[in-house]
Each structure stands twice: as structure tokens, then as C-alpha cells.
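Down below is the structure, laid out as C-alpha cells.
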Amino acid sequence: AFTSLRMSSLNRHMKTHSDEKPHVCHLCLKAFRTVTLLRNHVNTHTGTRPYKCSDCEMAFVTSGELARHRRYKHTLEKPFKCSMCKYSSVEASKLKRHIRSHTGERPYNCYLCSYASKDTYKLKRHMVTHSGEKPYECYVCQARFTQSGTMKIHILQKHSENVPRYQCPHCNTFIARKSDLGVHLRNLHSYLAVAMKCRYCEALFHERYALIQHKKTHRNEKRFKCDQCSYACKQERHLIVHKRTHTGEKPFTCVCCSKCFRQKQLLTVHFRKYHDSNFKPTVYECPKCGKGYSRW
DNA sequence: AAGCTTACCGCCCTCTGCTGGCTTTGC
DNA sequence: AGCAAAGCCAGCAGAGGGCGGTAAGCTT
Ligand SMILES: [Zn+2]
Ligand SMILES: [Zn+2]
Ligand SMILES: [Zn+2]
Ligand SMILES: [Zn+2]
Ligand SMILES: [Zn+2]
């Protein structure tokens, strides 16, 4: 009995190695070993799904697909546990993929550049960067995008009302994208090991935001002082021009008459007045009173 | 042989978050 | 006016969930 059981088991096993596939699908000519396999296959053509989920509307061709579905959606049973972290999964292949995020292994190489990915999907997605195609189109403005998620955030930010915005917990400014808030936090609110000094006084800061706020308190002071006379001013450029009165420097020379000027603006005005016959200043006029401004 | 479970390959979707060029804004 | 800074924005990669389907193995 022992040997015959072994033999029948071996026999059965040997059969799996034979490439004999007598059962052929009449719809696509694919061949199968057993009628069960053929029946399952034909059901995929006809859409016959005998295995119905008792907890939702889904139905499947095989019991295995149903069992997997129930684990994903209803029982939440995840038999495959990662030994290095809390992760667990319904399918073995998912755990295998997850392990690569620990090991850093990248088995899938791009044949056009040095990129390599940890799973096939990322490589496939990467390849569109080489083809330049943009498969996703915004249904409102027809702008095109390389990834669906990028289009989604575009539609959210550009074409919807009640756009969510993200408020910085440290300075209360609002930023449209969560990732840009991350940039803001790193740039303005991260701790600096080496303190930064205010350029107008001796105050020190370990955070760029605090430094910037502090600098604003200097704003209405005459921060810039001439070291050769008592002159002081609010703007650095005024000090630079002022210092030329000590050096006698006149760096701006008219290309037409060689007259020299201490300030660039004086030269510009001179040139327009004496050498540019068709000069017309652009003026923005107030529609109510007609008053003109040089800037919008 | 029929009807299961397990293993294995694949396809495709979403959520997430950083990067660097562009554009606006404050000074 | 002109410069620097910072938010805006699309590009693009990391990680994971869920399903489609077949082959192999086991149990009945
Ligand atoms: Zn077929
Ligand atoms: Zn269900
Ligand atoms: Zn893990
Ligand atoms: Zn590549
Ligand atoms: Zn902030």
C-alpha cells in the first residue's frame, strides 16, 4: 500500500511534466491539460463567474480568486509577515517586493540609462520618460501629464473650488501643496547647527524664519551709515551712491557726449532728454481719473 | 477526476513626497 | 528698477493594494 501510494503519487506527478494538452479552447485555440482548466479558461471568455462573494458584489471564475479577494477586502488576513518590520501581506509576491525596500535590491534595469528599479511597474513607468509621451489629459484644459497622480493634483489645484491648502504650524502661512509645505519647513523652520548672525546687529539665530522676522524690525531704522561722515540712510544703494561723493567717482558715461554721472538714473534721464528723439515713456493710466503711473 | 489550496507570473491603479525650473512678490 | 527669495508647478520615483489568470499539488 505504501509503495503503491508513492507510485500513484509519482505517476500523477509525472503526468504534469508531459506537455500533452488535449483540451483546446474553441474561442482562442489555447490548450489545457484538464477539462477543469479548460472550463475555467472558457469562463474568462464568457464572463461566467460562479464564485460570488457573500459580502460584496464581486464574483470570480475560480475559488482561489474569491479567497484572495476575501482576504484583501473582508477578512484582512495577511499570512506573509516581514521578519524585519511590521509589514505583512496577502500575497507572497507582495512580501518579496517589500523585502527589496529593505535590501535595496534593484533587479530591473533600464536599457537606456543607469536607472534600475525594484519592481517591474516602476521600470515601465520610468520608460515613458524616455519616450516623452504624456498619456494623461486634463478634461478641462487639455493639458497633458506623464502620470495620473500629477494630473489629479493639477485638476485639484486649477479646476476645483474649495481647494485644500496647508497651513504651516510655525508661521501660519498657507501653501497649496503638502510637499511644498515640506520644502517650506526644511528651508525656513529647520534647526541650524551653526547660528546665523543678523547683518545689522549682533543677534544670532538657529532658524532662518526667526532671523528674517528679526531683520524686519530693523526695517525703519537708518541701518546704513557712512564711515567718513555722519550720513545714514535706510537703503544700501543710497549709501553706495553717497560714498561716491567722497571718492569723486562718476562711473556712468554717456555714449553720445561723454558726460559722466554718479548715478545710473541720472545718465538714463540725460540720454533720453538729449539723445533719444522718439522716446515715449509707457504710462499706466487710472481709468477713473486718468492719472498716470510708470508701474502697474 | 473534481475540487480545493498554494505558488507564481503579470497588469494597473493609488497615495506619497522630493526636485528643479518658472513665476510672482517683497524689498 | 532690479534682485533674491519662495511659493507654484509638472516631472518623476518609492511603496503598496487589488485583481486576472495559469500551473502544480493535495484531498476527497
Ligand atoms: Zn480561449
Ligand atoms: Zn467581497
Ligand atoms: Zn519589512
Ligand atoms: Zn532609463
Ligand atoms: Zn512657516
Side-chain angles (χ1 to χ4, degrees), chain A residues 8-9 12-13 15-17 19 21 30-41 43-45 49-51 58-73 76 78-80 82 85 87-102 104 106 110 115-130 132 134-136 138 143-154 156-158 165-166 168 171 173-184 186-188 208-209 212 215-216 218-219 234-237 263-265 268 294-295:
Chain A
S8 78
S9 174
R12 191 149 26 87
H13 172 82
K15 262 192 174 174
T16 69
H17 286 305
D19 10 328
K21 289 176 177 175
K30 225 181 140 184
F32 297 89
R33 229 170 12 86
T34 70
V35 286
T36 311
L37 287 174
L38 174 61
R39 179 156 37 74
N40 286 343
H41 170 80
N43 281 345
T44 71
H45 283 307
R49 294 176 157 85
Y51 295 89
M58 297 284 281
F60 302 89
V61 172
T62 64
S63 61
E65 289 171 282
L66 173 60
R68 184 175 58 181
H69 159 80
R70 292 192 53 76
R71 280 200 268 273
Y72 268 123
K73 295 296 201 184
L76 306 184
K78 296 176 176 180
F80 301 94
C82 178
C85 73
Y87 178 80
S88 59
S89 69
V90 170
E91 295 174 86
S93 63
K94 298 297 189 283
L95 177 59
K96 198 172 174 184
R97 185 178 64 180
H98 164 82
I99 299 284
R100 293 197 194 109
S101 71
H102 290 305
R106 293 167 180 270
C110 175
Y115 176 74
S117 80
K118 295 171 191 166
D119 63 65
T120 54
Y121 177 71
K122 280 198 265 293
L123 178 58
K124 180 172 183 172
R125 190 178 57 180
H126 166 82
M127 293 316 291
V128 318
T129 72
H130 293 304
K134 297 185 176 185
Y136 302 94
C138 171
R144 304 197 68 93
F145 302 88
T146 56
Q147 292 183 16
S148 64
T150 305
M151 180 179 72
K152 184 177 179 179
I153 196 161
H154 159 88
L156 181 70
Q157 300 287 341
K158 293 285 198 61
R165 291 177 76 82
Y166 299 88
C168 173
C171 67
T173 52
F174 283 93
I175 293 170
R177 286 165 190 77
K178 202 177 172 187
S179 65
D180 283 327
L181 176 58
V183 173
H184 168 93
R186 281 190 294 279
N187 184 27
L188 291 172
R208 252 169 58 74
Y209 181 75
I212 290 165
K215 273 189 194 163
K216 288 182 180 175
H218 287 300
R219 190 172 299 167
K234 291 181 183 177
Q235 293 181 41
E236 188 174 25
R237 59 196 175 101
Q263 298 177 40
K264 188 180 180 181
Q265 185 60 24
T268 307
S294 62
R295 287 175 69 159

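In the text below, chain A, chain B and the rest are named by the order of the sequence lines, each starting its count at 1.
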For a quick check, tell me whether the side chain of [X] and the base of [N] share a donor-acceptor pair closer than 3.5 Å.
X       : N       : value
T150(A) : dC12(C) : yes
Q147(A) : dA10(C) : no
K73(A)  : dG18(C) : no

Please pick, from [options], the nucleotide with the shortest atom-to-atom distance to any side-chain atom of [X].
X       : options                   : value
R125(A) : dC9(C), dG14(C), dC4(B)   : dG14(C)
R177(A) : dC9(C), dG11(C), dA13(C)  : dC9(C)
V35(A)  : dA2(B), dG18(C), dT19(B)  : dA2(B)
H154(A) : dA10(C), dT5(B), dG16(C)  : dA10(C)
Y121(A) : dC15(B), dC19(C), dA15(C) : dA15(C)
Y136(A) : dG14(C), dG11(C), dC13(B) : dC13(B)
K178(A) : dA15(C), dG17(B), dA2(B)  : dG17(B)
K122(A) : dA10(C), dG14(C), dG16(C) : dG14(C)
S101(A) : dG14(C), dG11(C), dA15(C) : dA15(C)
D180(A) : dA13(C), dC13(B), dG20(B) : dG20(B)

Gap between atoms [atom1] and [atom2], on [X] and [N] respectively (whole Å):
X       : N       : atom1 : atom2 : value
H69(A)  : dG20(C) : NE2   : P     : 10 Å
L181(A) : dG17(B) : CG    : P     : 11 Å
F60(A)  : dC19(C) : CZ    : C1'   : 7 Å
Y51(A)  : dG20(C) : OH    : C1'   : 16 Å
E65(A)  : dT22(C) : CD    : P     : 9 Å
L123(A) : dC11(B) : CG    : P     : 11 Å
M127(A) : dA13(C) : CE    : C1'   : 15 Å
F145(A) : dC13(B) : CZ    : P     : 17 Å

> Just checking, is any N or O donor in the side chain of T62(A) or E65(A) under 3.5 Å from an acceptor N or O on the other one?
Replying inline: yes
Distances under 3.5 Å between protein N/O atoms and the N/O atoms of nucleotides 3-6 of chain C, please, pair by pair.
| from | atom 1 | to | atom 2 | distance (Å) |
| --- | --- | --- | --- | --- |
| dA6(C) | OP1 | R208(A) | NH2 | 3.2 |
| dA6(C) | OP2 | N187(A) | ND2 | 3.3 |
| dA6(C) | OP2 | R208(A) | NH2 | 2.4 |

Give a yes/no answer on whether the side chain of [X] brings an N or O atom under 4.0 Å of OP1 or OP2 in [N].
X       : N       : result
K118(A) : dA15(C) : yes
K152(A) : dC15(B) : yes
H41(A)  : dT22(C) : yes
Y166(A) : dC8(C)  : no
K124(A) : dC11(B) : no
S148(A) : dT14(B) : yes
H98(A)  : dA15(C) : no
K158(A) : dC8(C)  : no

Can you tell me how far the [atom1] atom of [X] sits from the [atom2] atom of [Y], to the nearest 0.5 Å?
X       : Y       : atom1 : atom2 : result
L123(A) : M127(A) : CG    : CE    : 6.0 Å
S117(A) : R125(A) : OG    : CZ    : 9.5 Å
Y72(A)  : K94(A)  : OH    : NZ    : 4.5 Å
K96(A)  : S93(A)  : NZ    : OG    : 9.0 Å
F80(A)  : S89(A)  : CZ    : OG    : 6.5 Å
R177(A) : L156(A) : CZ    : CG    : 9.0 Å

Using a 4.0 Å heavy-atom cut-off across all strands, classify [X] as base, sugar-phosphate, or nothing.
X       : result
R100(A) : nothing
M58(A)  : sugar-phosphate
R165(A) : sugar-phosphate
T44(A)  : sugar-phosphate

> Distance-only, no hydrogens or angles: does the R71(A) side chain make a donor-acceptor pair with backbone N or O of V90(A) under 3.5 Å?
Replying inline: no
Each nucleotide N or O in nucleotides 6-9 of chain B that has a protein N or O under 3.5 Å away: list the pair and distance.
none

>> Do F60(A) and R70(A) have side chains that approach each other closer than 4.5 Å (heavy atoms only, starting at C-beta)?
In response: no
> Residues two or more places apart in sequence or in another chain: which of them pass salt bridge (Lys or Arg N to Asp or Glu O under 4.0 Å) with R100(A)?
Replying inline: E105(A)
>> Testing the basics here: between I212(A) and L188(A), what is the closest heavy-atom pair and its distance to 0.1 Å?
In response: CD1-CD2, 3.9 Å
> Where is the tightest heavy-atom contact between M151(A) and C138(A), given as atom of each residue plus distance?
Replying inline: SD-N, 3.6 Å
